[in-house]
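The structure appears below as structure tokens.
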There are 2 protein chains.
Amino acid sequence: MSDKLTIGKLAGATGTKVETIRYYEQIGLLPAPERSAGNYRTYEDAHLRRLSFIRRARDLGFSIDQVRELMGLADRRDQSCIAVDVVANQHRDAIRRKIADLTALANELDVLIDSCTRNTVADCRIIEALAPSG
Amino acid sequence: MSDKLTIGKLAGATGTKVETIRYYEQIGLLPAPERSAGNYRTYEDAHLRRLSFIRRARDLGFSIDQVRELMGLADRRDQSCIAVDVVANQHRDAIRRKIADLTALANELDVLIDSCTRNTVADCRIIEALAPSG
DNA sequence: GCTTGACCCTCTAGCGACTAGAGGGTGCAT
DNA sequence: ATGCACCCTCTAGTCGCTAGAGGGTCAAGC
């Protein structure tokens, strides 16, 4: 209801940086707003809603392209939302895979770190483990 | 023992791409080798060892800067290896934090996805959750 | 000896998603 | 009228590569 926001107000209202908003405009993620007499961007409530959507999706780790896709789907309100479900599922699965990768990595590091006897570098197990043939 | 590798052989021996090796040379991570008459890079065993170290550390998720630091420490063989331990610990902790973040994210997505009734987009809970006052 | 094809060279630009900085204009309060 | 916070555009930097253009080298086969 509070129309006509400056870019700074919009940034504050959504927890986004001013530069990021201009960037989103540049890549066509957020539509370019009207300009004031002094060439300032003047945002309306529609922009605020759009940017909130973007922020939330980005916070959930969706890529810019996925956000674009989700917004495209969200605008076709009479269609089935199965496509939305698919995007969300793909993203969740990718995250689960990344968690598995990182867990394996952390475990390997645990082994390395536990083997450290804190002597000199010459017989450091961590360095040894990294350098295959010393 | 098998001296004088071409960049392609070195790449094959370490599982690195040729372009990546040239990149490592450019940023000063791997020392520039001698050149043949035809201006080809000619690598020696020392390079092979160095690159293997780099690869292994990178595979464990260490950043380029951390690899640089670890190599610097590895070369001072009479020093204490506590500094090595510190770098490894910092990295492991950062990974654990990232895992926690991603787990929270995946759980949020689970809730969203479970709420999807596969009806129209107009009453899609996923879209609703993204758009705060849609 | 000439061609083919695999390999090598340099240089530049691109990816994702911003972030930072230079160099300047606007708007409002004192 | 002066100061200051805010806004504008444009360019370049971040990280760790990757890809492509446009060329040179080398060994093998005919």
Side-chain angles (χ1 to χ4, degrees), chain A residues 4-30 32-44 47 50-51 53-71 90-91 94-95 98 101-102 105, chain B residues 4-30 32-44 47 50-51 53-71 90-91 94-95 98 101-102 105:
Chain A
K4 304 296 178 193
L5 297 158
T6 63
I7 195 168
K9 302 273 184 189
L10 181 63
T14 57
T16 314
K17 290 195 180 175
V18 166
E19 293 81 7
T20 304
I21 296 177
R22 284 197 281 250
Y23 169 70
Y24 285 163
E25 179 181 324
Q26 192 192 308
I27 62 169
L29 194 61
L30 192 65
E34 307 268 300
R35 297 292 182 117
S36 73
N39 199 32
Y40 284 20
R41 288 171 179 82
T42 52
Y43 293 97
E44 329 240 337
H47 289 104
R50 201 86 166 164
L51 183 55
F53 185 104
I54 295 169
R55 281 294 310 172
R56 177 97 179 99
R58 291 287 302 127
D59 283 350
L60 283 168
F62 287 97
S63 72
I64 295 275
D65 270 357
Q66 284 174 321
V67 175
R68 234 187 268 274
E69 191 178 351
L70 286 173
M71 287 201 306
Q90 280 172 354
H91 179 45
I95 291 178
K98 186 162 279 178
D101 287 353
L102 289 177
L105 228 58
Chain B
K4 304 297 179 192
L5 297 158
T6 63
I7 195 167
K9 304 270 184 191
L10 182 63
T14 56
T16 316
K17 290 194 179 176
V18 166
E19 293 81 6
T20 305
I21 296 177
R22 284 197 283 249
Y23 169 70
Y24 286 162
E25 179 182 325
Q26 191 192 309
I27 62 169
L29 194 61
L30 192 65
E34 307 268 299
R35 296 293 182 116
S36 73
N39 200 32
Y40 283 21
R41 288 172 178 82
T42 53
Y43 292 98
E44 330 239 337
H47 291 103
R50 202 84 166 163
L51 184 53
F53 185 104
I54 295 169
R55 281 293 311 173
R56 176 96 180 100
R58 293 286 303 130
D59 283 349
L60 284 169
F62 287 97
S63 73
I64 296 274
D65 270 357
Q66 284 174 322
V67 174
R68 234 187 269 272
E69 191 177 352
L70 286 173
M71 288 199 307
Q90 280 173 354
H91 180 46
I95 291 178
K98 186 163 280 178
D101 287 352
L102 288 177
L105 228 57

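Letters go in sequence order (proteins before strands), and every chain restarts at 1. This is a predicted model, so every value here is computed, not measured.
- The distance between atom CD1 of A/I7 and atom P of C/dG27, rounded to the nearest whole Å, is 15 Å.
- In this structure, the side chain of A/T42 engages the main chain of A/E34 through a donor-acceptor pair within 3.5 Å.
- Side-chain N/O atoms of B/T6 include one lying less than 4.0 angstrom from OP1 or OP2 on C/dC8.
- Distance B/Q26 CD to C/dA13 P: 13 Å, rounded to the nearest Å.
- Checked by distance alone, A/Y23 brings no side-chain donor or acceptor within 3.5 Å of a matching partner on the base of C/dG16.
- For the pair A/L30 CG and C/dC18 P, the computed distance is 13 Å after rounding to whole Å.
- In this structure, A/G38 and A/E19 both approach DNA chain C, and ranking their closest nucleotides by distance from the 5' end singles out A/E19.
- If you take CD on A/Q66 and CE on A/M71, they are separated by 12.5 Å, rounding to the nearest 0.5 Å.
- Scanning for side-chain contact (heavy atoms from CB on, under 4.5 Å) contacts around B/D65 gives B/S63, B/R68, with sequence neighbours left out.
- Between the OH atom of B/Y40 and the P atom of C/dC7 there is a distance of 11 Å, given to the nearest Å.
- Straight-line distance from the CG atom of B/L10 to the P atom of C/dC8: 10 Å, rounded to whole Å.
- Between A/K9 atom NZ and C/dC28 atom C1' there is a gap of 12 Å when expressed in whole angstrom units.
- Atom OH of A/Y40 sits about 11.5 Å away from atom CD1 of A/I7, to the nearest 0.5 Å.
- Contacts between residues 55-67 of chain A and DNA chain C, defined by a heavy-atom separation below 4.0 Å, involve A/R58, A/S63, A/I64, listed by number.
- If you check every strand for non-hydrogen atoms under 4.0 Å, B/R41 touches sugar and phosphate atoms only.
- Taken from CZ in A/R56 to CG in A/D59, the straight-line distance is 7.5 Å, to the nearest 0.5 Å.
- Extent of DNA chain D lying under 4.0 Å from chain A heavy atoms, first and last nucleotide in 5' to 3' order, is D/dC6 to D/dT9.
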For residues 18-28 of chain A, tabulate all N or O donor-acceptor pairs below 3.5 Å that involve a side-chain atom, not counting sequence neighbours.
| unit_1 | atom_1 | unit_2 | atom_2 | d |
| --- | --- | --- | --- | --- |
| A/E25 | OE1 | A/R41 | NE | 2.8 |

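- Neither OP1 nor OP2 of C/dT26 sits under 4.0 Å from any side-chain N or O of A/S36.
- Closest non-hydrogen pair, A/H47 versus A/L30, comes out as O-CD1, 4.0 Å.
- Considering only residues two or more places apart in sequence or on other chains, B/F62 meets the ring pair (Phe, Tyr, Trp, His ring centres under 6.0 Å) condition with B/H91.
- Taking five base pairs at each end of the helix from C/dG1-D/dC30 to C/dT30-D/dA1, the local helix axes there meet at an angle of 30°, rounded to 10°.
- With a 4.5 Å cut-off on side-chain heavy atoms, B/F53 and B/L70 count as touching.
- Counting heavy atoms from C-beta outward, A/T16 and A/L51 have side chains that approach closer than 4.5 Å.
- When heavy atoms are screened at a 4.0 angstrom cut-off, B/I27 is found touching no nucleic acid atom at all.
- In plain terms, the two heavy atoms of A/K9 and A/L5 that are nearest each other are CB-CD2, 3.8 Å.
- Between B/L29 and B/I54, the closest side-chain pair of non-hydrogen atoms falls below 4.5 Å.
- Between A/N39 and B/Y24, the residue anchored closer to the 5' end of DNA chain D is A/N39, taking for each the nucleotide with the nearest heavy atom.
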